[in-house]
Chemist: 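One structure coming up, written as structure tokens, with questions to follow.
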Amino acid sequence: MASQIHVNLSPAELAYLHASLSLTPPIRPDGRSPDQYRPLSAETGILPGTNGSARICFADGTEAIVGVKAEVEKTGRRWDDDTIFLEGGGDDEEGGDKEKGSTQQGGNKEWVELTVEIPGQRDDDSATVFLAQMLSEALLADGGFVERLKINRGWHWKLYLDILLISPPLSYPLPLLSLTTHLALLSTRLPRLKSEGDEDPFFDDDWAAAPYLYPRDKKARPPVTLLVMAVGNNIIFDPAKEELAVADVVLAVSVADVADRKGKGVEDEDMDVDGRKLKLLSIRTVDPPSRLTPPGVPNASNTAYGHASAGATQQKMPEARAVESEAVEGVWKAPRGGAKLAVMGALVQKVLQKGGVADEVLDALEAVDLS
Amino acid sequence: MPLDTSTYSLALLRVDGRRWNELRRLHAQIRTQAAADGSSYLEMGHTKVMCVVTGPSEPGPRRGGGIGGGAGGQSKDAEVVVNIVIAGFSSVDRKRRGRGDKRTQEMQSTVANALAASLHTHLFPHSQINVSLHVLSQDGSLLAALINAATLACVDAGIPMTDYVAACTAGSTSTYAANDESADPLLDLNHQEEQELPSLTVATLGDSDRVVVLVCESRVQISRLEGMLAVGVDGCKQVRELLDRVVREKGQRMILEGTVEKGTGLNDLD
Amino acid sequence: MTDRRRINGPAGTTIPPIFEDTSNKEDANSVKGRTRAPDAVRKMFLRTGVTPTASGSAYLEYESSAKSGVSGIKLSCTVHGPRSLPRSSPFSPHIVLSTHVKYAPFATKQRRGYLRDPSERDLGTHLETALRGAIIADRWPKSGVDIIISVIEGDQDRASSGPQSDETWDMMNVLSGCITVASAALADAGIDCVDTVAGGVAALVQGPSEDTPPSVVVDPIPSEHERILGACCIAYLPTRDEVTNLWFKGDLPASEMDLYTKLVENGILASASASKVLVDCLKDALA
Amino acid sequence: MSTTTTTLAIPGQLLGSTSKYQPGPGTHIHESNLYASLLGSVRIVHPAAAPTTKPTGPVKRLTKLSALTNQSSSSSSSLKKQSSSPDQLPTISVTVSAEDNHHNKKREILPEVGNVVLCKVIRITPRQAVVSILVCGDTVLEAEWQGLIRVQDVRATEKDRVKVYESFRPGDVVRAEVISLGDQANYYLATSKNELGVILATSEAGNTMHPISWKEYRDPVTGLTELRKVAKPY
Amino acid sequence: MPREAEPSLNEKQFVIQALQENLRLDGRELEQYRPLELTLGDQYGVADATLGKTRVLAKASAELTVPYTDRPLDGIFTIATELSPMTSPAFELNRPTETEVLLSRLLEKTVRRSNALDTESLCLIAGQKCWSVRVDVHVLSHDGNLIDAACFAVVSALRHFKKPDTSMEGGVLTVYTAAEREPVPLSWLHSPFCVTWSFYGEQGEIAVLDATWLEEQVRVGSCTISLNRHGEICQISKLGGTPVEAVALLQCSAVSLTKVKEFSTYLDEKLAEDAKRRNKGGLLAELSAENDR
């Protein structure tokens, strides 16, 4: 959860931040507009040793590198209705389409292995695990992805995604990592299959001929995970560390572009103008670090100002810190409780609406030329 | 696959077409990253390493892989903490090694101690210098590359140091079993050669003959040590020159861009 | 991350049992689909104070489904603390919450190890997020509380050898249970909460045939449905009408936002009914 | 004693508006309404009686060690209270008490700034005395909380003359007041009041001593005196 | 975590001063070892090496397991080093310190990677059954130069160790107890030993062998060289520290060779002694079923 990143801001500063962010329009510390991302520079195909790789550097200097490696793996050996054809042999028809059915259900966890490396954090640290789970969850939720990995009924590709955060984690790295992963997958190519049918696969070793995992001509794109937060009624995208420190609620929303998705006959009518058809893959609540911020002391109960009352009444009353006070204007109080449903709905809506931020981000990423 | 050294004896050319005393292409950059105090990117052949230095700073909570000179920032010298991440995709066949991996830890402490020898840590008491290294691709001479990258990053970070710590590998043709004295020493081995031939990694301080790091992990006749060491040491001198050039060029550029004030006598330096 | 504390058997030598899929056979008594109404949650049993040594504890059990061989969920939760933080940890003006969710080795069809695997850690993080919102953290400075949940039975279809992907949906069910049971245990431990948080799950399921439009059900059991298109797990504060944790996963066209909202509403429905049980349980714990 | 135990409350239950009640322990304010934050019974304490009522939190424990102190000091505090808070709203609070939860489990409470605690001296240094807090108010604590009496907090006057080893010895039981939450490890305590200080001391000979002056204890057997910061007996 | 108490400034000064005048606190020459004692246990594969106050006990053991899938033709050979709090309060269980990691890596490189033990001979049925030989190193007391002592202990333990004899007839693998057949020694290829140098002075010009704990604490650098008696270097590791002239290192390696020869002769004597002690009345000749190749 985000609370792992520590912010040292005084209650006064927090109160100020919160106030300025809940203005309409909100005033962000770095002067961005609410749905504006940090400027970034990206490049792909930086590592010849991998099937696909990408590097993104945010303007604030945070930098991540993602490398994708693919290995051929026997399918079989799954506790599935179609374990009938274990070693790819003994093929019978309904085995095949059953398999299809099952893979459509979000596919096999084992086909994708995603690891996140954050300097200074153990790789089994719960925050890191949370990140990894979030990113892989988005990938797997899109059934089409796993179908891409199928070679034939006996064999499939296993993808290894290694995500490295190069810079020290200045802000919650989720957006950065997600964008980088997206690019890396876009640039990923798998060797062209030469064998046909269910025979053991062998491949064309001409790299130039290797097709992309996400073919260029199709509109399909890997998922991106956006970090959205709300302060008061304002919705703010790609929040910086300081902004997270006063967030009321933080959501991580994963969307993907599924223009070429067959199956449910819905997409035809509501294609929007640029033919992009967004799909909601996963939403997670991220624990806002604001809950762990130190509260301010309203002047009334500030003993330093001679109002000894608080001290005195507490005199012989253990637990009397519970003496509650109404929220005082300009005094920071760590938020309690959760978020109203309406707010959450608005967040998601803002992400998904046509021409919304998700659209913009995907456009921006398509602009990156894939070497 | 076994590397037939016979071809070498014929043409005196190595598998990748180098002579015995040739380095691979060494490409390096410094100040690759805005966020860090110091950063560098270094390629030796296909071995690619990134380095980020933060500090000298107040020692944070003890992190994993915290192996270094001082003792928990309590010492009167700055503690050099090195953290090496070997990316899963770096080697040809993907293998993932966790933080606990002993070999990585050994390299961490080696780099840390090598730097500590050259950096003026006594200038920063009770503080910590964090060096985090990322291995993006490996093709032999990994340790050497790590040391060089770390040195560059420290230069970029502006941490006072005695001199560059430059490293490279040296090997010897024909395996230890064949006890021929005619075996030639080799410079800067790649992965294939490292697998087949006896090799050692040597790092020297500046252009002196003084060895900071000497690591040999393969069986070799003691008689051959001298030859290999000699080649290695003078390889290090070449490497130092290259590193030095990188730094100077960057310096020049920064002056032209006006990012830094032009100091006096910088022209007579180069 | 290998388990160095105990002597482990050789890796990968155990394969989970695959039982004969009775649902394929045309015998009358085997229930295939869901028997409950779409908006009916399973009956659950909740009781606090089951572990005398802990400062707070609770036990939660879901009834097992009508479908043969599908087990319910059994969870036990213990709360330790508030206790003084270890000397190494820095000063904290709030209570420091640490959540551990652990499957018993026999809880699911596939044996779980003794070390927490990523999915368990993930659950722990979700749970923490859900509870952080409920707890009034600044009542307990400089102190920490450990919330330990052990999943005794993990809601998996043992009879039919369902595909792996079901696991994630099971996780959601388990998480909702964890949230409810943890909140009961917290109340039992006497740690200040703004409200009794309760968890609930709703899912978007494919109808019996492909052409029927997908429908929304609460508290789904994966194996009872043809296919689950998406599901969401919600941690809900009934009296404040607020959500502390929302976890949605699925495959939902952006054009169908109404489906999504419907899903969330049903999720809240489920957690509301869970919180009824919770409230009653707490009430008679007092009486 | 006009305390009225009305009903049972569960966390999140509405208790009334802030215009009607003052928030006491186990309650919290949300949108100018009072809600319960604990599982327990609701108590409404009327202001006139407020000072003399026992502290609501620890009432469940019957280990009275300092009844007298409560009387005297609470009366003193009552005066302050009168002056400070003119509006006399009844205080509403939710408490977990032994009788109303069937397996009578004790609920942990924390030392607060301003509490009087009883603690045992663990070790002394020239700068401070390290103590472990045993009793807070009237409640014997479950968890192990460590405290610190710094040399400048031992006495109200002539602080620069204070020597820790002339004020405390390991093993002494000290009555002290919490002055700060302190650092991550220790609460900061002070004995800079007459009624605060060592209340139980054993001599080097190992006998329990009795106080003879504001700074001396005497061993009844050997007749030797030792220096302490003596708490004023009642 | 508790840290080792550092020697006082005076101590440091004194030791270094002395070394600059070629004097050591215990009156040794700079290149002289402390008396090395080896005790072989009654059980096969137990070796207890003492070097002054440093004492290391190594125990070799073997069990039947399945070979690793990626190396079906090799047996398994592991060296387990754990520094217990018994050795020094600075060590904790389950949290390897730097010293521990480096020590185990050194033993690993010296004994295992230089394949002193022929692991292929440990394989009984390819891909199915093989011996897993394991050496546990226990440091009983630590007064400097752990590495050399530990390495010596490990090698002698392995040399001394005998594994149960086995036979294959018609795909049936039989493992004989010591009563049925005399256990057979491991097929041992060469005996590497570590020699650790400590360096002192500004330029690291003073090289000292077998430093005590106090001396180790004040040294500016160290270098461990592993050789066998045939003058084959198995491993060199100078992991940072104050730079040392290359020539000096070469001299060190030369001196190390002589030391290593002393070690191996000493070990051979000890083993011979032990064999004689066991072989009462020369019964072993009949008992052992292996034909000497």
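Since the model is a prediction, treat every value here as computed from it, not as a measurement. Numbers restart at 1 for each chain; the letters A, B, ... are given by sequence-line order, proteins then strands.
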Chemist: Would you say that B/Phe89 contacts A/Ile65 through its side chain, given a criterion of any heavy-atom pair below 4.5 Å between the two side chains?
Modeler: yes
Chemist: Return the CD1 to CG distance between B/Ile86 and A/Asp162, rounded to the nearest 0.5 Å.
Modeler: 12.0 Å
Chemist: Check whether A/Ser167 gets within reach of chain B through its side chain, its backbone, both or neither, counting any heavy atom under 4.5 Å.
Modeler: both
Chemist: Taking the side chain as every heavy atom from C-beta outward, state whether A/Leu164 and B/Met50 have any atom pair closer than 4.5 Å.
Modeler: no
Chemist: Show the nearest heavy-atom pair for residues B/Ala34 and A/Gly61, with the distance to one decimal.
Modeler: CB-CA, 4.1 Å
Chemist: Could you tell me which portion of A/Leu47 (side chain, backbone, both or neither) has an atom closer than 4.5 angstrom to a non-hydrogen atom of chain B?
Modeler: side chain
Chemist: For the residue pair B/Lys48 and A/Ile46, what are the closest heavy atoms and their distance?
Modeler: NZ-O, 4.2 Å
Chemist: Taking all non-hydrogen atoms of both residues, which atom of B/His134 and which atom of A/Leu165 are closest, and how far apart?
Modeler: CE1-O, 3.5 Å
Chemist: State, to 0.1 Å, how close B/Thr32 and A/Arg55 come at their nearest heavy-atom pair, and which atoms those are.
Modeler: O-NH2, 4.3 Å
Chemist: Kindly compute the distance separating OG (B/Ser90) from NZ (A/Lys69), expressed to the nearest 0.5 Å.
Modeler: 8.5 Å
Chemist: What part of B/Ser39 is in contact with chain A, defined as an atom under 4.5 angstrom from a non-hydrogen atom: side chain, backbone, both or neither?
Modeler: neither
